[in-house]
Amino acid sequence: MNIDAIQNGIVIDHITAGRGMRIYELLGLDALDVSVAIIKNAVSHRDGGKKDIIKIDSDIAINFDVLGFVDPGVTVNIIRNGQLVEKRRIDMPERLVNVIRCKNPRCITSVERSIDHVFKLTDRKNMVYRCLYCETKVAQ
Amino acid sequence: MKRSVIDILDLSTEEIESLIATAQDIIARPAEYAHACAGKKLATLFFEPSTRTRLSFEAAMYELGGNVLSVTDAATSSASKGESVADTARTVSCYADIIAMRHPKEGAALVAANAASIPVINAGDGGHCHPTQTMADLLTIRREKGAFSGLTIGLCGDLKFGRTVHSLINAMARYPDNKFVLISPEELKLPSYVKKDVLQEKGIPYEQTTSLEAALPQLDVLYMTRVQRERFFNEEDYLRLKDSYILDAAKLKAAKGDLCVMHPLPRVNEIATDVDADPRACYFKQVLNGKYMRMALILKLLKEAAQ
């Protein structure tokens, strides 16, 4: 399957197969008025396995924390004038701000207005994030 | 510089030692501290009923020569009009020098601390943290057992929702050679994240049991807790579990002669009144120790805020 190369935009590559749609939703790409292609189950040249790819036909600002949270290890390629100008491998962020919401009904974030929903990385090895306020673990 | 205490782990072991030293000096020389906070005001903001913790903070401030502004009932406060915790903290910062706050929501004290321009002491945020209770527990253990290491510590009752239990485990896990015996019904076992992140992570020995009688003979410290109605969504579960463990004088015969029996109070019937006269009953000493540690903490935070 072929998708045309983009001239100016972003390619999010090496997404773990099956996580492409979650990234699409958390990045709010559905709200953009630009062409976005999601390729699911593409063959990875790294290991021959499957991966997802998202191509965005515009040089928009990306929340790298979302990528690092959902799928650390993805790469972001910035394309300008048809050329790869930057390639970044995304790691897990130490803090997540307003990416997800705490599900604990006893947490202050369930009632307090105008408060950032903040999660901190407490266990990098097991990819565990906890709410800054109530320490509830995020179910990935 | 302004600093708040939300979690017992906000205080290093060195700071705990320093606070204990201050508390013991207050016990030895109360007159020296009678005017230490003259001209300062403590605001006690209690959005959840707690007579004893509020009175402890207020008594602490009065004994330091300071004054107290008190909100005792959320129904009469601005919170009932929909004011946010952050706005309440900002407002009270204009009136007082330090805040002690209890709130039913977990993390409320951190929200207040982030918004306030004065130090905030967490006096309990739902089932999350209650650091000054743990400070009271630590002073009691130090005064009764002389050390924080080499102890077998039994924790009994509601280990799931009991914030005092989680905080005490966190605090005592920082000292060497302690062992924990976790005594609870199946439904109220210690959450796996506390076991995994604290006990297993640090290689601290622990055992779990449903039998208080079986655990009692090996214990140096027994920390009893109440099954709290307010932590249950389901009344039936509360009624089924509330009388799981009752310590009485007959059971205590099997315990060590120098056991230290503690309870964060209030008790309902977890400790029979026939235990009260036993020299091993330390729960009312714990109350007094709580006041001394709160005095030491208020002094420390006000001093740091002035620097």
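Since the model is a prediction, treat every value here as computed from it, not as a measurement. Naming: A, B, ... by sequence-line order, numbering from 1 per chain.
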Scanning both residues in full, the closest heavy-atom pair of A:Arg106 with B:Phe161 reads NH2-CE2, 4.0 Å
Would you say CD of A:Glu86 has more than 12 non-hydrogen atoms from neighbouring residues, nucleotides or ligands within 6.0 angstrom?
yes
Rounded to the nearest 0.5 Å, the CD1 atom of A:Ile115 sits from the CG atom of B:Asn114 at a distance of 8.0 Å
Okay, A:Asn126 and chain B: the region with an atom under 4.5 Å from a heavy atom over there is side chain
*Report, as yes or no, whether the 6.0 Å neighbourhood of atom CD on B:Glu201 holds more than 12 heavy atoms from other residues, nucleotides or ligands.*
no
Electrostatic pair B:Asp197-A:Arg130, nearest N-O below 4.0 angstrom: yes
Worksheet entry | B:Lys160 atom NZ: more than 12 heavy-atom contacts under 6.0 Å | no
Only one of B:Glu106, B:His128, B:Lys105 passes side-chain contact (heavy atoms from CB on, under 4.5 Å) with A:Asn104, and that residue is B:Glu106
Bottom line for B:Ala109: the part with an atom under 4.5 Å from chain A's heavy atoms is neither
What one should report as the nearest heavy-atom pair of B:Ser84 and A:Glu112 is CB-OE2, 3.3 Å
Q) In this structure, are over 12 heavy atoms from other groups packed under 6.0 Å from A:Arg101 atom CZ? A) no
Okay, A:Ser110 and chain B: the region with an atom under 4.5 Å from a heavy atom over there is side chain
- Item | Residues, nucleotides or ligands: over 12 heavy atoms within 6.0 Å of A:Phe64 CZ | yes
* Other residues, nucleotides, ligands: >12 heavy atoms within 6.0 Å of A:Arg95 CZ -> no
Nearest heavy-atom contact between B:Leu110 and A:Leu132 is CD2-O, 3.4 Å
When the 4.5 angstrom heavy-atom criterion is applied to A:Val128 and chain B, the contacting part is neither
Between A:Glu135 and B:Cys129 the two heavy atoms that sit nearest each other are OE2-SG, 4.4 Å
